[in-house]
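What follows is a single structure, written as structure tokens, with notes after it.
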Amino acid sequence: MVSAIEWRAGPPPSIRLLDQTRLPHTVSYLDVTTLDDLRAAISSLAVRGAPALGGAGALGVALALAQAERESWDETTLAAELDRLRATRPTAVNLAWAVDRIRPLIPQGRDAVLAAAQRLVAEDGAANRELSGIGADWIEQRVCRERGRREVRVATHCNTGALATTAWGTAYGIIHTLHERRRLGLVYVDETRPLLQGTRLTSWELHQDGIEHVVQADGAAAGTILRGLVDVVIFGADRITANGDVANKVGSVALALAAARAGIPCVVAAPSSTVDLATATGADIEIEERGADEVLTLAGVPLATPGTRAWNPAFDVTPHDLVSAIVTERGLVEPAVAGPGALAALLA
């Protein structure tokens with residue numbers, strides 16, 4: 001299984017990132033030695049996915065200390081640089097969460113910071129394995145046993161495998177676990193515009209793992225579900241609010257709406273670090289907007305009439321009443337059944 005992020009001792013110390021902007025045709029790595037380069041890698045989506053951004057944020061604190069030593073930063077400069085790092089992608093909560101978890105250890109020195117950051121990365125991999133088993137168990141019960149299906153056909157959106165995490169994957173991890181249990185039929189992979197993470201990344205990972213799948217246009221997904229070709233929708237999350245609303249890659253809410261109309265489950269998978277109990281509902285989430293070129297051009301070639309403006313939100317919010325189950329490594333919540341406060345009780 002591919003590793004999307006790892007620490008290199010150097011000299012100089014660096015974070016090695018699998019450059020996801022060049023997949024699937026080129027497998028290449030970025031050796032990031034400065035916070036400016038790390039922020040650039042995050043903004044360009046060379047590294048992406050909420051759990052992977054958490055790993056980048058944690059290791060970024062260690063990287064910042066190494067850079068501070070080389071460039072003689074004072075405490076004010078270091079604090080400002082870390083603030084800039086945590087704000088690089090505002091919708092995904094894991095980046096800021098990881099920076100905030102590691103930076104209080106700075107007075108203990110770079111070795112203590114690095115050790116804590118590496119523990120956080122390892123914890124994420126273990127969490128992904130745990131939540132994948134929990135999610136697969138629920139799907140086996142609710143879809144295979146209760147509905148009499150030996151195998152489940154899955155629709156998924158964006159990329160949630162090892163590329164988007166520190167290991168194994170979240171929604172993809174559930175899909176992979178179902179495959180290992182011989183409970184998985186065909187996987188419908190949304191292309192996931194505008195950067196085609198489904199086409200470029202999820203399909204690549206499914207090929208690596210020998211899992212049967214097809215790629216479909218985002219606009220086809222709802223029709224595929226309503227035609228009865230899908231048994232369960234599974235996608236990940238960049239932020240889950242206290243009431244169970246889910247921010248994920250734009251296009252996710254369309255699958256949830258179609259799943260509700262078709263009467264099939266919509267499952268959201270994410271580590272507990274993605275649950276933001278300080279944010280009450282999805283209406284309070286800042287939605288990142290990206291550049292117009294991602295919509296109006298293709299491989300640098302203009303597609304639209306000159307002067308055309310673009311609307312390019314990177315995420316949308318799926319209301320909690322459209323989510324059948326939220327799966328974390330701590331357990332599972334059915335938002336429509338459990339009611340307010342269920343996530344807080346799960347994580348207490």
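Numbers for residues simply follow the sequence, beginning at 1.
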Taking all non-hydrogen atoms of both residues, which atom of Ser272 and which atom of Thr328 are closest, and how far apart? N-CB, 4.0 Å

Honestly curious: do Ile139 and Val233 fall in one hydrophobic cluster under the side-chain, below-4.5 Å linking rule? no

Any side-chain donor near an acceptor of the partner, Gln216 and Thr224, under 3.5 Å: yes

Spatial distance of atom SG (Cys144) from atom CZ (Arg150) [nearest 0.5 Å]: 9.5 Å

side-chain contact (heavy atoms from CB on, under 4.5 Å) between Glu334 and Trp138, intermediate numbers included: CA-CA 11 Å; Glu334 299 178 19; Trp138 189 89; 3.1 Å; yes

For Arg200 and Pro24, indicate whether the former's side chain and the latter's backbone hold a donor-acceptor pair under 3.5 Å. no

Side-chain (Gln20) to main-chain (Leu163) donor-acceptor, under 3.5 angstrom: yes

Passes salt bridge (Lys or Arg N to Asp or Glu O under 4.0 Å), Arg110 versus Glu69? Steps please. CA-CA 10 Å; Arg110 184 149 59 96; Glu69 291 177 8; 3.3 Å; yes

Asp137 and Arg183: CA distance, side-chain angles, deciding distance, salt bridge (Lys or Arg N to Asp or Glu O under 4.0 Å) verdict: CA-CA 11 Å; Asp137 289 345; Arg183 287 295 198 177; over 6 Å; no

Residues Val61 and Val113: closest non-hydrogen pair is CG1-CG1, 3.8 Å

Just by distance, do the side chain of Asp74 and the backbone of Thr76 share a donor-acceptor pair under 3.5 Å? yes

Would you check if the side chain of Thr170 reaches a backbone N or O of Gly236 as a donor-acceptor pair within less than 3.5 Å? no

Could you please spell out the steps behind the side-chain hydrogen bond (donor to acceptor under 3.5 Å, both in side chains) verdict for Asp19 and Thr21? CA-CA 6 Å; Asp19 187 352; Thr21 65; 2.6 Å; yes

Looking only at non-hydrogen atoms, find the nearest pair between Asn159 and Gln197 and report the distance. CB-O, 4.0 Å

Which word best sums up how the rings of His176 and His179 line up, parallel for under 30°, tilted for 30 to 60°, or perpendicular for over 60°? tilted

Go through the steps to decide whether Asn243 and Thr241 satisfy the test side-chain hydrogen bond (donor to acceptor under 3.5 Å, both in side chains), and finish with yes or no. CA-CA 6 Å; Asn243 74 332; Thr241 61; 2.6 Å; yes

Say whether Leu343 and Leu332 are linked into one hydrophobic cluster, either directly or through other cluster members, by side-chain heavy-atom distances under 4.5 angstrom. no

Take Trp7 and Leu63, measure what side-chain contact (heavy atoms from CB on, under 4.5 Å) needs, and give me the verdict at the end. CA-CA 9 Å; Trp7 178 261; Leu63 191 74; 4.3 Å; yes

When you measure from the side chain of His157 to the backbone of Ala155, do you find a donor-acceptor pair of N or O atoms at a distance under 3.5 Å? no

Rounded to the nearest 0.5 Å, what's the gap from CZ on Phe315 to CZ on Arg89? Could you check? 4.5 Å

Membership question, hydrophobic clusters at under 4.5 Å side-chain separation (ILVMFWY): are Tyr188 and Leu178 in the same one? no

Do Val317 and Val250 share a hydrophobic cluster (ILVMFWY, side-chain heavy atoms under 4.5 Å, transitive)? no

Output, in order, the C-alpha distance, side-chain angles, deciding distance and verdict of salt bridge (Lys or Arg N to Asp or Glu O under 4.0 Å) for Glu6 and Arg8. CA-CA 7 Å; Glu6 60 182 285; Arg8 293 295 180 96; 3.3 Å; yes

Donor-acceptor pair, Glu81 side chain versus Ala64 backbone, under 3.5 Å? no

Under the 3.5 angstrom rule, does the side chain of Thr166 hit a backbone N or O of Gly125 as a donor-acceptor pair? yes

Would Ile264 and Ile234 show up in the same hydrophobic cluster when neighbours are defined by side-chain heavy atoms closer than 4.5 Å? no

Using every non-hydrogen atom in the two residues, find where Phe235 and Ser252 come nearest and quote the distance to one decimal. CE2-O, 3.7 Å

So Leu196 and Arg193, do their side chains get closer than 4.5 Å, heavy atoms only? yes

Between Glu289 and Asn312, is a side-chain hydrogen bond (donor to acceptor under 3.5 Å, both in side chains) present by the stated rule, with each step listed? CA-CA 6 Å; Glu289 295 181 28; Asn312 189 18; over 6 Å; no

Sidechain-backbone polar pair: Asn128 side chain, Asp124 backbone, donor-acceptor under 3.5 Å: yes

Heavy-atom nearest pair, Leu23 first then Leu18, reads CD1-CD2, 4.0 Å

Enter the distance from Thr165:OG1 to Tyr172:OH here, rounded to the nearest 0.5 Å. 11.0 Å

To the nearest 0.5 Å, what is the distance between CG on Asp276 and CG on Asp238? 12.0 Å

So, Thr88 side chain and Leu85 main chain: donor-acceptor pair closer than 3.5 Å or not? yes

Could you go step by step and tell me if Glu140 and Arg149 meet the salt bridge (Lys or Arg N to Asp or Glu O under 4.0 Å) rule? CA-CA 9 Å; Glu140 282 196 81; Arg149 295 203 62 88; over 6 Å; no

Between Leu120 and Ala98, which heavy-atom pair has the shortest distance, and what is it? CD1-CB, 4.2 Å

State the CG-CZ distance between Asp31 and Arg16, to the nearest 0.5 angstrom. 4.0 Å

Rounded to the nearest 0.5 Å, what's the gap from CZ on Arg261 to CG on Leu322? Could you check? 13.5 Å

side-chain contact (heavy atoms from CB on, under 4.5 Å) between Arg48 and Ser43, intermediate numbers included: CA-CA 9 Å; Arg48 35 133 318 268; Ser43 295; over 6 Å; no

Is Thr177 reaching over with its side chain to a backbone N or O of Gly173, donor-acceptor style, under 3.5 angstrom? yes

